[in-house]
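This chain uses plain numbering: 1 for the first residue, then up along the sequence.
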Amino acid sequence: MSSAALSKDQVEQLLEVGRALVSELDLEDVLQRVIEAAREVTGARYVALGVLDARKRELERFVYLGAGDEVYRRIGYLPRGRGLLGELIKNPKPLRVDDLRAHPRSYGFPAGHPEMTTFLGVPIMIRGEAWGNLYLTDKNGGEPFDENDERMVTVLAQWAAIAVDNARLVGSVERRQGELERAMRALEASAALARACAAGLSVDRLAELICKRGRDLVGARLVALLLPEGDKLVVTAAAGHGAAALQGTRLDPDGPIVGEGLSHAGLRNLAAGEHAELGSTGLGAGATAALVSRLDFRGGERGLLVAIDPVRSERFEEKDEHLFESFVAAAMTTLTTARAAEEEKLRLALEASERERRRWARELHDETLQELGALQVIVEAIERTDDPARVRELLQRAADHIDHGIANLQGLITELRPAALDELGVEPAIENLIERISRMSGLRIDADLALNGGSPDSSERLHPEIESTVYRLVQESLHNAVKHAEASRVRLRVTETDGVVEVVVRDDGKGFDPGRAGGGFGLVGMRERVALVGGTLKISSHPGEGTELRATVPVRRAGDSAQDGWRARVLPDPRTASGWASP
């Protein structure tokens, strides 16, 4: 190429073209601007830009200007880089040809291709490697391309390399930013499930949250969670258009969409026209696209999470698949954890109930049964004597035993469920408990009771579960102070502040080592009761220094419902096969 300098006008033209090119950040726009600029600076009739494939052996893209789309439709294909175009791929250096037909590498033109005579080819090099080529043919006026044209196009190719590299970098950053944003959305959704599970939400509530979060994540019209119940799958929860009508629907495992999902371990991306079950009855009624993922639980149970119809497009894209797949893994872990937690709560509740039964059995044996045995002995003694004075004495003793037995039974009944707790409220019930224990044991109890809903006159009584928990905590603590701590004085405080009931019981007894107490003193039962209502329990004690129990329980009123932010924790029935759905 000649070393002759470009004219001032040509330099200014190239600078203007370069500024325009590097200002473009979209790769498709850059390619179009490059071929337009090439025709502008040379006056070529036909201009094309070929992009090399990853192996640098042929063209994977061919962007053209001058020949209309109709021309290449008649030809049937775009150039791949054979013949003279391949020469530039093999030797990436500028190439000028005055007559294409005379060049030894020319293969001629396919039928329907416009006739071309002169040719100029220049490689586009990015970071020292060939990326593509500029092809120009038929300069205006029929003249061949000269050294000045070659120099102009070479500079243009350098500008093009810079612009393409910038556009690719921007595109890469935007793609990575999009991937990062999607990953963050998936992480936020998974974290929300984890927090809800840690907060103790029931499986039903978690199922609702899974559907809502999944729908937001992939932008679906509807998301439904199907869990096994017997030989069917039940729509346990759904979110989006038509969710209310779908809730609770029982579906056959070989039905539309369901059968497709259960028969494949991975994610399925279904589209109308490709899968007959879409648009049919049932779950796929009216659907044009669906993401279906199987949930494999322990014990061989299988469920499904299904997203129906993307809101922003005709079908779900690959990025939606990745988001949904990662979310499904988090949803399955959450459901499995929640189910295991509810099963553990049921086990603890059953164990606590069994311990209560054993305790009352001992009480009946040690008190009531012994009283009845003594009464039987007195009756037998009466039958053996004829002395009226002796009979009167034995009858009095029998009456005393009967009175004592009645008192013991009344105490047991009160221990099981004091009538005052149901009829009057937790505060009067605790007052009765304090009076009875003080009278029977001589224990001095200093009490501070201040509950907003603890009396029968209050229109905002605590929820029965909360009242029972608070009462049992106080009852067990006072019994421990008498039976185990050998205390002479107890300070009791039961107060309600800022939506929390706090129970503090402090005695001056002999204390114990909580780390070595194991399940004694009713500690396991107290912890279970507090945990079941979402509270906290802390016990502090040292040998010879007394014991302090401090518990907090979140306030719930008798009229609270799920709409008020609380829903009763329903433990699964151990007799059902799966425990997922209610019997």
Side-chain angles (χ1 to χ4, degrees), residues 1-22 24 30-52 56 58-59 61-67 79 81-109 113-166:
M1 186 175 68
S2 172
S3 60
L6 297 173
S7 69
K8 181 179 178 181
D9 290 342
Q10 290 173 327
V11 170
E12 289 180 352
Q13 186 181 20
L14 285 173
L15 287 174
E16 184 65 28
V17 168
R19 283 193 292 267
L21 284 177
V22 296
E24 290 288 352
V30 167
L31 299 183
Q32 191 64 35
R33 291 290 294 269
V34 167
I35 58 176
E36 290 173 355
R39 183 164 68 173
E40 180 182 344
V41 299
T42 62
R45 182 179 182 183
Y46 303 107
V47 181
L49 190 156
V51 180
L52 299 177
K56 312 296 184 185
E58 60 180 16
L59 302 177
R61 290 198 60 191
F62 194 78
V63 184
Y64 52 88
L65 188 64
R82 298 179 179 85
L84 190 58
L85 302 186
E87 178 67 21
L88 204 59
I89 297 174
K90 183 179 179 181
N91 298 300
K93 297 178 181 179
L95 175 65
R96 280 186 288 126
V97 177
D98 293 344
D99 187 351
L100 286 170
R101 292 166 295 186
H103 195 279
R105 290 293 304 273
S106 177
Y107 282 5
F109 300 106
H113 195 285
E115 288 293 326
M116 298 177 180
T117 304
T118 59
F119 174 85
L120 171 60
V122 175
I124 298 175
M125 309 291 290
I126 297 179
R127 302 178 188 273
E129 292 187 0
W131 178 82
N133 297 306
L134 273 171
Y135 306 114
L136 298 86
T137 63
D138 290 0
K139 186 176 178 180
N140 287 341
E143 299 177 0
F145 292 99
D146 56 24
E147 293 180 357
N148 205 47
D149 294 322
E150 180 181 328
R151 188 176 183 84
M152 293 275 284
V153 175
T154 299
V155 174
L156 177 62
Q158 293 169 350
W159 279 119
I162 296 171
V164 167
D165 197 29
N166 287 345

Mind checking whether [X] and [Y] have side chains closer than 4.5 Å, heavy atoms only?
X      : Y      : answer
Leu59  : Leu52  : yes
Pro92  : Met125 : yes
Leu95  : Val97  : yes
Val164 : Ile126 : yes
Thr137 : Thr117 : no

Taking all atoms of both residues into account, what is the closest heavy-atom pair of [X] and [Y], and its distance?
X      : Y      : value
Glu115 : Asp138 : O-OD2, 3.4 Å
Glu58  : Ile89  : CA-CD1, 4.1 Å
Pro79  : Leu85  : CB-CD1, 3.8 Å
Ile124 : Ala160 : CD1-CB, 4.2 Å
Tyr64  : Phe62  : CD2-O, 3.7 Å
Asp149 : Lys139 : OD2-NZ, 2.7 Å

Exercise. Does Gln158 have any side chain to side chain donor-acceptor pair (under 3.5 Å) partners at least two apart in sequence or in another chain, and if so, which?
Worked result: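 Applying side chain to side chain donor-acceptor pair (under 3.5 Å) to Gln158 gives none.
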| said: Taking side chain to side chain donor-acceptor pair (under 3.5 Å) as the definition, give me every residue that meets it alongside Asp146, ordered by chain and number, with sequence neighbours left out. | reply: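 For Asp146 there are no side chain to side chain donor-acceptor pair (under 3.5 Å) partners, ignoring immediate neighbours.
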> Sub-3.5 Å donor-acceptor pair from the side chain of Lys56 to the main-chain atoms of Ala130, do we have one?
Replying inline: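 Flag set: sc Lys56 to bb Ala130 pair under 3.5 Å.
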Main-chain N/O of Arg101 paired with Asp99 side-chain donor or acceptor, under 3.5 Å: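 Pair found, side chain donor or acceptor close to backbone of Arg101.
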Can you list the residues that meet the side chain to side chain contact (heavy atoms under 4.5 Å, CB included) rule with Pro94, with sequence neighbours excluded?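 Pro94 satisfies side chain to side chain contact (heavy atoms under 4.5 Å, CB included) with Val122, Pro123, Glu150, Thr154 once adjacent residues are dropped.
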> So Arg19 and Glu16, salt bridge (charged side-chain N to carboxylate O under 4.0 Å, His left out) or not? Walk me through it.
Replying inline: CA-CA 5 Å; Arg19 283 193 292 267; Glu16 184 65 28; 2.9 Å; yes
| If you look only at pairs with a residue in residues 118-132, which of them pass as a side chain to side chain donor-acceptor pair (under 3.5 Å), with sequence neighbours excluded? |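 Residue pairs with at least one partner in residues 118-132: Arg127-Asp165.
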Discussion item. Between Tyr135 and Phe119, is the side-chain contact (heavy atoms from CB on, under 4.5 Å) condition met? List the steps.
Written reply: CA-CA 7 Å; Tyr135 306 114; Phe119 174 85; 3.8 Å; yes
- request: Determine, step by step, whether Val30 and Trp159 satisfy the side-chain contact (heavy atoms from CB on, under 4.5 Å) criterion, reporting the C-alpha distance in whole Å, the side-chain angles of both residues, the deciding distance to 0.1 Å, and the verdict.
  value: CA-CA 10 Å; Val30 167; Trp159 279 119; over 6 Å; no
Got a sec, which residues hit salt bridge (Lys or Arg N to Asp or Glu O under 4.0 Å) with Glu143, two or more places apart in sequence or on another chain?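 Residues passing salt bridge (Lys or Arg N to Asp or Glu O under 4.0 Å) with Glu143: none at all.
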Exercise answer: donor-acceptor pairs, residues 34-51 side-chain atoms, under 3.5 Å, sequence neighbours excluded:
{"residue": "Thr42", "atom": "OG1", "partner": "Ala38", "partner atom": "O", "Å": "2.7"}
{"residue": "Thr42", "atom": "OG1", "partner": "Ala44", "partner atom": "N", "Å": "3.3"}

**Report entry** Derivation and outcome, side-chain contact (heavy atoms from CB on, under 4.5 Å), residues Val153 and Leu136
**Finding:** CA-CA 9 Å; Val153 175; Leu136 298 86; 4.0 Å; yes
